[in-house]
Amino acid sequence: MNTKATAIAPVNIAFIKYWGKKDEVLRLPANKSISMNIDNLLTTTTVEFIPGLQADSITVNGSPLTKGNDRVIAHLDRVRALASIDEKAKVVSKFNFPMGTGLSSSASGFAALTVAAVNAAGISLNQQDLSILTRQGSGSACRSIPDGFAEWLDGDSGETSYAISIFPSDWWDIRDVVVILTSQQKEVTSTEGQRLHTTSPFFDQRLQHMKTKIDSIKQYIRQKDFHSFGELIESEALEMHAVMITSRPPLLYWTPETLTLMKHVMRWRSEGLGVYFTINTGQNVHLICRPKDEDKVVQLVQSVFPEATIISNKPANGAKTTLNHLF
Ligand code: PMV
C-alpha cells in the first residue's frame with residue numbers, strides 16, 4: 001500500500017448539462033452530458049490512510065470540513081471497500097477558487113479525492129473504473145477524470161455510467177472566462193436542487209430533445225463551429241435554468257448581477273463580439289469565447305463589474321497524481 005498520494009483535478013464546465021437523476025442511489029443521470037475540463041479552477045488533495053487513526057480527518061483550505069463531511073467519508077468507504085482496508089484517512093484539500101458558488105467545486109473536489117484515495121490505498125483502476133467510482137461521490141465529477149472534452153454516458157447500471165474523452169484538450173482552443181461576481185455561498189446545493197427536477201412541467205420536454213442536443217454539440221465541436229456551438233450552449237444553460245425556476249419550490253440561483261452580465265453579453269454579441277454565457281448552480285458565470293476575443297471580454301467585464309474576480313481558462317486534461325503532497 002502506498003498510504004499517501006496526492007492528486008490535482010480540474011473543474012469541468014458542462015456545455016450540455018446534467019440536471020436530474022434517473023437513479024438517486026447510483027447517481028445515474030437522466031441524460032448524457034458534454035463538458036470541457038478547464039485549467040485554472042483546480043483542487044489539490046492529499047490522502048493518507050494511517051493505521052491507528054481513530055476517525056477520518058478532512059481539512060479543506062486550512063479548516064476542518066463541516067458541510068459535506070459525511071459525503072466525503074462515504075466516498076472514502078467506497079475506496080476502502082475496493083482495497084479491502086479499514087484504516088482511517090487524513091485528507092487535506094486546497095481549492096484555488098471559492099466553493100459552493102456555482103463553480104462546480106464538487107466536480108474537481110471529488111475527482112481529486114478519488115484519484116488521491118485510490119492511489120493512497122494502493123489499488124490501480126483504469127480510467128473507466130475511476131470515472132465510475134468518482135460518479136458515486138459527485139455526478140459531474142466523473143467528467144473531470146478523462147482529458148479534454150468529455151461525454152458522460154448516462155448508462156443503465158452502475159457499471160455503464162461513466163465519462164469518456166471525446167476530443168483531446170488541444171483539439172479546439174476556446175476560452176472560458178470565469179466571472180466570480182460574489183463568493184456568497186448558494187443556499188441550495190446541486191444535490192438537493194436536482195431532487196426537484198420532476199416538479200418542473202418542462203423537464204420531460206427537455207429530455208425529449210436531449211439526443212439532438214448531444215449530437216449537435218459534438219458536431220459543432222468537431223467542426224469547430226464557434227457560433228453554432230455558442231448559441232447552443234447558451235440556450236442550453238437557459239433551458240436548464242428554466243427547469244430550475246419552474247420547479248416547486250422554485251430554484252433561482254441568479255442574482256441581479258448575474259442577469260446584468262447576461263444582458264451585457266447579449267448586447268456585446270449584437271455589437272459583433274463572439275461571446276456566449278453558461279451558468280451552473282450559482283450566481284457566477286462562465287463566458288465562452290475564442291482566444292482572439294479573450295482580452296476584450298475580460299476588459300468589458302471589468303468595466304461593468306470592477307470588483308469581480310476573473311479567471312481565464314483553456315481546455316485542460318483530467319485529474320492526475322502529483323508528488324507535491326500537501327502534508
Ligand atoms: O454533480 P452535481 O450534483 O454538483 O451537479 C452539477 C450540475 C450542473 O453543474 C448544474 C450541471 C453539470 O452538468 O455540471
Side-chain angles (χ1 to χ4, degrees), residues 9-38 41 43 67-68 71-72 74-75 95 97-114 131-146 149-154 161-163 166 176 178 185-197 200 203 206-207 210 213-214 217 232-245 247 251-254 258 277-286 288 313 318-319:
V11 158
N12 68 79
I13 177 63
F15 297 133
I16 302 295
K17 315 258 185 207
Y18 147 55
W19 192 249
K21 299 181 183 65
K22 59 187 173 193
D23 188 313
E24 179 81 27
V25 177
L26 293 176
R27 282 187 192 269
L28 299 186
N31 57 270
K32 290 181 179 159
S33 51
I34 304 283
S35 65
M36 177 181 89
N37 290 325
I38 59 177
L41 260 54
T43 305
K67 214 174 153 194
R71 203 164 148 195
V72 173
H75 204 57
F95 289 72
F97 63 96
M99 298 167 72
T101 66
L103 295 174
S104 308
S105 51
S106 72
S108 54
F110 275 92
L113 176 69
T114 307
S131 181
I132 289 171
L133 178 60
T134 305
R135 185 201 81 234
Q136 297 169 63
S138 167
S140 55
C142 78
R143 297 184 308 233
S144 289
I145 298 294
F149 296 79
E151 176 171 15
W152 177 6
L153 308 168
D154 52 336
S161 184
Y162 54 88
I166 51 171
D176 178 1
V178 171
Q185 298 241 329
K186 59 191 167 196
E187 283 158 17
V188 185
T189 65
S190 311
T191 302
E192 290 156 1
Q194 298 229 21
R195 296 199 182 105
L196 303 175
H197 70 278
S200 165
F203 185 72
R206 170 169 167 73
L207 281 192
M210 231 345 134
K213 282 194 172 200
I214 295 279
I217 201 87
L232 180 54
I233 67 165
E234 196 172 287
S235 71
E236 158 64 3
L238 289 168
E239 183 182 279
M240 179 185 72
H241 282 272
V243 168
M244 293 169 169
I245 292 165
S247 293
L251 277 174
L252 188 49
Y253 284 110
W254 304 340
T258 314
F277 62 76
T278 182
I279 306 169
N280 286 339
T281 47
Q283 68 274 19
N284 296 318
V285 181
H286 294 251
I288 309 297
N313 293 273

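Note that the structure is a prediction, hence the values are computed from the model and not measured. Just so you know, ligand 1 is whichever comes first in the structure, and atom 1 is the first atom listed for that ligand. Hydrogens, waters and symmetry mates are skipped; everything else that's a heavy atom, side chains included, is used.
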K186 versus T101, side-chain donor and acceptor atoms under 3.5 Å: no
Proximity to ligand 1 by part of S140, non-hydrogen separation under 4.0 Å: both
Residues that F149 engages under ring-ring contact (aromatic ring centres under 6.0 Å, His included), provided they are two or more places apart: none
Salt bridge (Lys or Arg N to Asp or Glu O under 4.0 Å) pairs, two or more places apart, involving residues 235-244: R206-E236, R206-E239, K213-E236, K213-E239
Nearest heavy-atom neighbours spanning G193 and V188: N-CG1, 3.7 Å
Test item, S33 contacting ligand 1 (heavy atom, 4.0 angstrom): no
Polar proximity ligand 1 side, S104 side, N/O cut 3.5 Å exclusive: no
R143, portion touching ligand 1 at heavy-atom distance under 4.0 Å: side chain
Verdict with supporting geometry, V11 and N37, side-chain contact (heavy atoms from CB on, under 4.5 Å): CA-CA 6 Å; V11 158; N37 290 325; over 6 Å; no
Which of the ligand 1 atoms, numbered from 1, are nearer than 4.0 Å to a heavy atom of S106: 4 (O)
Donor on one side chain, acceptor on other, W152 and S35, under 3.5 Å: no
Numbered atoms and elements of ligand 1 in range of M240, under 4.0 angstrom, heavy atoms: 10 (C)
Atom indices of ligand 1, in the order listed, that fall short of 4.0 Å to a heavy atom of S138: 1 (O)
Atoms in ligand 1 flagged as close to A14, the criterion being non-hydrogen separation under 4.0 Å: 12 (C), 13 (O), 14 (O)
Atom 5 (O) of ligand 1: the protein heavy-atom neighbour that sits closest, reported with distance to 0.1 Å: Q194 NE2, 3.0 Å
Test item: V243 and W19 side chains (from C-beta on) under 4.5 Å apart, heavy atoms: yes
Contact check: Y18 vs ligand 1, nitrogen or oxygen atoms, below 3.5 angstrom: yes
